[in-house]
Amino acid sequence: MERRVRVRFAPSPTGPLHIGGVRTALYNYLFARKHGGDFILRIEDTDSTRWVAGAEEYIIKSLAWCNIRFDEGVVEGGPHAPYRQSERKNIYFQYARQLVESGHAYYAFDTPEELEALRKDAESKGGAFTYNYQVREQLKTSLNPAFANYEERISRGEKWVIRFKVPANQEIHMFDLIRGEVVVNSSTLDDKVLFKSSDGLPTYHLANVVDDYLMQISHVIRGEEWLPSLPLHVLLYKALGWEEVMPQFAHLPLLLKPDGKGKLSKRDGDRMGFPVFPLHWVDPATGEVSLGYDDYGFLPEAFVNFLALLGWHPGNDQEIFSMEELIETFSIDRISKSGAKFDFEKAKWFNQQYLRQKSNQQLLPIIKPIVEKQGVTVNDDYLLRIIDMVRERLILLTDFWKQAHFFFVDPDTYDADVVKKRWKDNVPQLIQQLKNELSQLEHFKADELKEFLHHFVEKNNANMGAVMNALRLCMVGGSYGPELPLILETLGKETTLRRIENALKKL
Ligand code: GLU
C-alpha cells in the first residue's frame, strides 16, 4: 500500500526564520501539495535556553506572507495536537525509558564539571573527548558495574541524563533521496543525550524522531546541516522498533554566499545590503532591526519564485512559476546536491517581472499603503494614473515613492548637481517668463503643453534642453520622472505654477 504523504516543517523558535528555512518550508509544502498529502507545522522548542520571544509568531507570519499553508500545526490544530513540543512534555520519557529497558540507552550521572574536566584532560593530551563505546562503561553510567545501584541514585534525586548507546563498529546504511546511499561507521558517532532530568525534557534528537513517528511523517525534507544527525536518527528508529515506518529522508543543499564561498549568513546580508529574512525583525533583547524582503519592497510571489529556484531546477529554462505551477512541476529528484549561490540581482529581476505582470488595478491595493505610509491621502483614480506612468520603472515596490513622490508632495530639496548644471545664465529669467505665460493658458493638457513649450523656446531663441530640464527641476527636484508635459498635466496648473514660484524663491 502506498503510504500517505505527510511532511512537516519543524523549526526551533530561536530567532527570525532565515530564508534557507523558508525554502525548506516551501519545498515541503510543494511536495505535500503535489502528492495530495498533508503539511504540518511543528514547533521544536525543547531547548528553553535558546528560545526567543516572538520567534514562533515571526515564523508563522513569514510563511503566511509567502502563502505557504499548513494542514495541521500550532495554529490549525489537528489529530496529533499539540504541535508544540513543550506542550508534549509528558510523551517523551516513556520512549527514553523503553530504550534503556531494551538495552539501547543508559543513564549517565556525570556533572557538567566532570565532563568539562574530561574534555580538558583529553585536549591536554592533544586529543578530543568523545562520550562513546570506549568510555561509557568506565564513566558514571548505568553500564558501569560500579554503578549497579544507579536506581538508588535516581530516587535520591541525583541529576541524570539518558544517553543513546551507539553500537561499536557497525556500518550504518542510509538512503537520502537527494544524495543516494550514505554509509557511516557507528564508531565515529558519540552517545548523544536523549533526555535530561534537569528539565524533564527530551533533546532535539529524541523529540524529533518520536514526533515524526507519532505524527506519521512519511518524508523528512530538511537542511543539509541535519545530515550528520541522520545516522543517529536511523539507529533510533531501529532501536524503537519503528524501522518499517521510518520516513524517507531528503537533505537540502546549503544556500551559499554570492561568491559561493560558505554558507549564507545574516552578516553577509548586512555587509552586502540584501535581506536574509523574509520579514522585518526586531531583536527583542537588543532592539537591533533586521530588514526583511517586505521592507525591501518584494512581492511575496516573486520572493517565493526566486527561492524555489535556489537549489531546484525544473528541467527546462522556464523561470517564472506561479505557486500552482511550482506544485505541478516540483520533484525531489531535481533538487541539486551542491549548494545554491545566492544572487540578489536575480531576486530583484523576479520582482520586476512580477510587477510587470500585474495590471494597474492589481497594483493599486499594493501601492496605496506605500503612499499612505508617507502621510498622503490619495484617491484611486489619481493613483491609477500615476501607477500607469511609473510602472515600467519599478523593480522593487520601494522604487514607487522614489519615482513618484513629486506627484503627491512638492519637492522640498533640489538635487545639487542638477541645480549647478541647469539653473544658470538666463535660465531663471526664462522660467519666470514661462510661468507668466503658463498662467495665461486655459487648457492644461499634455499635447497642448508640449506645443506651447516648443513655441516658447522658439520665440525666445532659447535652448530646448535648457528650458525643459530647468522646468523639470522645478517640478520634481531632480532630473528624473516621466515626460514633462504629462507631469504638468497631472499636477495641474495651480501646482505647476506654485512649484515654479517655490524654485524661483529657493534656488
Ligand atoms: N528543529 C530542527 C530545526 O530547527 C528541525 C530539523 C528537522 O527538520 O529535523 O531545524
message: Are Ser218 and Gln248 packed together at the side-chain level, in the sense that at least one heavy-atom pair is separated by less than 4.5 angstrom?
response: no
message: Are more than 12 heavy atoms, taken from residues, nucleotides or ligands other than Lys196, located less than 6.0 Å from that residue's NZ atom?
response: yes
Closest non-hydrogen atom pair between His280 and Tyr58, with its separation: O-CE1, 3.4 Å
- prompt: Is it true that atom CG of Asp259 has more than 12 heavy atoms of other residues, nucleotides or ligands lying nearer than 6.0 Å?
  reply: yes
message: Is any side-chain heavy atom of Pro11 closer than 4.5 Å to one of Arg42?
response: no
- prompt: Would you say the side chain of Tyr106 lies within less than 4.5 Å of the side chain of Asp191, judging by non-hydrogen atoms?
  reply: yes
query: Between Gln318 (side chain) and Ile320 (backbone), is there a donor-acceptor pair under 3.5 Å?
result: yes
- prompt: Hey, are the side chains of Phe298 and Tyr354 touching, using non-hydrogen atoms and a 4.5 Å cut-off?
  reply: no
- prompt: How about Lys450: does its NZ atom have over 12 heavy atoms from other parts shown lying under 6.0 Å from it?
  reply: no
query: Picking from Val5, Ile327, Leu26, what satisfies side-chain contact (heavy atoms from CB on, under 4.5 Å) with Phe31?
result: Val5
Pi-cation contact, Phe39 with Arg33 (under 6.0 Å, within 45°): no
message: Check this for me: does any side-chain nitrogen of one of Asp380 and Lys368 sit under 4.0 Å from a carboxylate oxygen of the other?
response: yes
query: Do Phe408 and Ile386 touch side chain to side chain, with heavy atoms closer than 4.5 Å?
result: yes
query: Just wondering, do Val52 and Pro16 contact through their side chains at under 4.5 Å, heavy atoms?
result: no
message: Do Ile91 and Val210 make a side-chain contact, defined as non-hydrogen atoms from C-beta onward lying under 4.5 Å apart?
response: yes
message: Under a 3.5 Å distance rule, please check whether Arg88 uses its side chain to pair with a backbone N or O of Pro82 as donor and acceptor.
response: yes
Donor-acceptor under 3.5 Å (Ser186 side chain, Asn169 main chain): yes
message: Can you see whether Tyr92 has Lys89 sitting over its ring - NZ or CZ less than 6.0 Å from the centre and within 45° of the normal?
response: no
